[in-house]
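Each remark here refers to the structure printed beneath this line.
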Amino acid sequence: MNINLTIIGQAISFAIFVWFCMRFVWPPVINALEARKKRIADGLADAEAAAADREKATQEASQTMTEAREEAARVLAQAERRAGEIVEEAKVEAEATAERTAARAQAEIEQQEQQARERLRGEVAALAVAGAEAVLRREVDAQAHAKALDEVAGRL
Amino acid sequence: MAATYETGGEYIKHHLVNLTYGQYPDGSWGFAQSAAEAKQMGFWAIHVDSMAWAIGLGALFVGLFARAAKRAHAGVPGGFQNFVEQIIEFIDNTVRDSFTHKNRIIAPLALCSFIWIFLMNLMDLVPVDWVPYLFSLIGVHYMKIVATTDPNVTMGMSLSVFAMMLYYSLKCKGVGGFLGELTLHPFTAKNIVVKVLLIPINFFLEAVALLAKPISHGLRLFGNLYAGEMIFILIALLPLWAQWTLSVPWAIFHVLVITLQAFIFMVLTVVYLNMAHDTAH
């Protein structure tokens, strides 16, 4: 319980240990802690930025998807319309061709009928003349009755 | 162990004497062979056991911590580094909470007081007779292993802190500011004559308050540890079969005491030095 030199010895030791702590223990550890704190903070900031980027990318992707879908729908609609148009055009053309063919056939038929009629008329006339000639050879002068015969032929 | 002593009283006394090196009355130097001799040696003697345990534990502490500090890096810390970092972060937070000025020495000082005192207190948990018995085998008859049960040790530390308080008071407040703090508070007056009359009263109160700080600071630690040690010694006087029923609960409780006392010493160190830095008064 005596107070003696120990008190001074202890004070000196205390001073030395405190100095040692201040010089060799405290700064390296506190610096490491600060550095780690900063590293962790940076890491968290990076993670946040990455999350934001991913969010943005997702949004962009979904927007692109929507646009693509709309484009596809548009192209499909256009193609359908075009197909309808083509079918319609083809139909119209086919109808026109059919009409034209029919008209041509009609014309040909009419022409041939006309020709046939002409020929028939000529033949009937000739036949009538021949018949009349045969009948009248004996009693009528061909020249005198030619006018009447022509009239008959014209009526055919 | 108690059986080797004549009485319980002698056993207790023997456990409370430090291994003292000093000058005999006849002028030669050596170790005191009894409590009376140690007392006779007066101030110019040294407690070899207190100093050796204190310096040994202090060296152990700074050695281990410096090793961890040298390897400290910002990556994932390993076992012991993690432990050291936890302690340092804890001290750092405590200092930040109670020290409002800028001074690079405060945090290392707090760390050093806390861990060093904790280690010295921890020796209290070593059964009281083990180490003294081992030393008695090599002819050393006195051995107190708990340095903080020596008032020289605790007062040596608290007076060092007191010296720092005075230094920073003078440095931060100036001589006039410090003297003003000692003489113009707590009683103040507008009238200059009354003010002068109040100076002795203020000075008396403030001086008592100032001097009470280092004394209570050192003696609080000493008293707690001395009392704890004394109880362990008393328990060791019981019959062998009964000792553990008391020493185990007391040791468990004492774990709290030694940590708390180390913490209190540290916090008071920081608070006192913060007051020394405060200029707004």
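Since we're looking at a predicted model, the values are computed, not measured. We name chains A, B, ... by the order of the sequence lines, and we start the count at 1 in each one.
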**Message:** Given heavy-atom pairs under 4.5 angstrom as the criterion, report whether the side chain, backbone, both or neither of A/Lys37 touches chain B.
**Reply:** side chain
Tell me which of these, [options], has more heavy-atom pairs under 4.5 Å with chain A than the rest.
options	answer
B/Gly22, B/Ala110, B/Ser113	B/Ser113
B/Val76, B/Ile88, B/Leu109	B/Ile88
B/Glu89, B/Arg67, B/Met164, B/Glu85	B/Glu85
B/Ala54, B/Ser158, B/Ser160, B/Ala107	B/Ala107
B/Gly75, B/Ser50, B/Ala35, B/Ala45	B/Ala45
B/Pro77, B/Ala72, B/Ala74	B/Ala74

**B/Arg96 CZ: over 12 foreign heavy atoms closer than 6.0 Å** = no
**Message:** Does B/Phe83, at its CZ atom, have more than 12 non-hydrogen atoms belonging to other residues, nucleotides or ligands within less than 6.0 Å?
**Reply:** no
**Request:** For B/Val271, enumerate each residue passing the side-chain contact (heavy atoms from CB on, under 4.5 Å) test, keeping only those at least two apart in sequence or located in another chain.
**Result:** B/Ser98, B/Val267, B/Met275
Toward chain B: residues of [range] with heavy atoms under 4.5 Å:
range	value
residues 5-33 of chain A	A/Leu5, A/Thr6, A/Ile7, A/Ile8, A/Gly9, A/Gln10, A/Ala11, A/Ser13, A/Phe14, A/Phe17, A/Val18, A/Phe20, A/Cys21, A/Met22, A/Phe24, A/Val25, A/Trp26, A/Pro28, A/Val29, A/Ile30, A/Ala32, A/Leu33
residues 39-59 of chain A	A/Arg39
residues 77-95 of chain A	none

**Prompt:** Where is the tightest heavy-atom contact between B/Lys39 and A/Asn2, given as atom of each residue plus distance?
**Reply:** CG-OD1, 3.5 Å
**Request:** Taking B/Asn152 for its side chain and A/Asn4 for its backbone only, find out whether a donor-acceptor pair lies under 3.5 Å.
**Result:** yes
**Asked** Where does B/Leu159 contact chain A at under 4.5 Å (heavy atoms): side chain, backbone, both or neither?
**Response** side chain
**Message:** Under 4.5 Å from any heavy atom of chain A, what part of B/Arg104 do you find: side chain, backbone, both or neither?
**Reply:** both
